[in-house]
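The structure appears below as structure tokens.
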Amino acid sequence: MPQSKQKLELAIYSVFPKLMADYRSIPAQMSRVCSIEGNIKGTQISVIDTVAYLIGWGKLVLKWYELTSQALPVDFPDTGYKWNQLGLLAKRFHHEYSQWQYTDLLDEYEMTMEKLSALIASLSDHPCKLDRGIHATNGHLHKYALFIQSCVSCYSTNLCST
């Protein structure tokens, strides 16, 4: 888990290009085949679902930052969802992007990561102590670390095995 801005940026810059290369190597006609273990026990999801998940979390992180930077309250992880309902939140992300074309979805993921990278670059660097994505000594960095962790651990291994 990245514990500093520098390590977080390194994680993004070292993992993201590899992840995108893996995604781009998958033919669009195979992107909707459900063959990856889902977020809910006993379910199978598609490559498109994994991209939708990453976009959904990325956009949530951007939303969290926007709200907290305006001193507005944030419903973690999102309005209508609790931390023990992340499987349902994942299903929402899958549904939200289910009609997108694969290449458009990959472009959206790249744009989301560009926004996250720019945001991270703009933040000050303070050591952070992660605690379920809610509390940290640095106001926002932990949220991005959790997002990167989800990018790396949840899908890069599963994607490479498809």
Discussion item. Does Q99, at its CD atom, have more than 12 non-hydrogen atoms belonging to other residues, nucleotides or ligands within less than 6.0 Å?
Written reply: no

Fill in: Side-chain heavy-atom pair Y23, L54 within 4.5 angstrom cut-off
yes

Fill in: side-chain contact (heavy atoms from CB on, under 4.5 Å) against T79, all qualifying residues, sequence neighbours excluded
K63, D75

Worksheet item: Where do H94 and A52 come nearest, in terms of heavy atoms and distance?
Response: CA-CB, 4.1 Å

Response to the item:
Scanning both residues in full, the closest heavy-atom pair of S31 with S46 reads O-CB, 3.3 Å

Discussion item. Is there a continuous path of hydrophobic side-chain contacts, each under 4.5 Å between heavy atoms, that joins L105 to M111?
Written reply: no

Item to complete: Just jot down the side-chain contact (heavy atoms from CB on, under 4.5 Å) partners of P73, sequence neighbours excluded, or say none.
Response: none

Worksheet item: With no hydrogens and no angle check, do the side chains of S25 and D22 hold a donor and an acceptor under 3.5 Å apart?
Response: no

Response to the item:
Taken in chain and number order and not counting sequence neighbours, the residues that satisfy ring-ring contact (aromatic ring centres under 6.0 Å, His included) with Y81 are none

Worksheet entry | Residue pair S117 / Y13: nearest heavy atoms and the distance that separates them | CB-OH, 4.0 Å

Worksheet entry | Where L106 and V51 come nearest, the two heavy atoms and their spacing | CD2-CG2, 3.9 Å

Worksheet, complete the sentence: One should read off an interatomic distance between Y53 OH and L86 CG, to the nearest 0.5 angstrom, of 6.5 Å

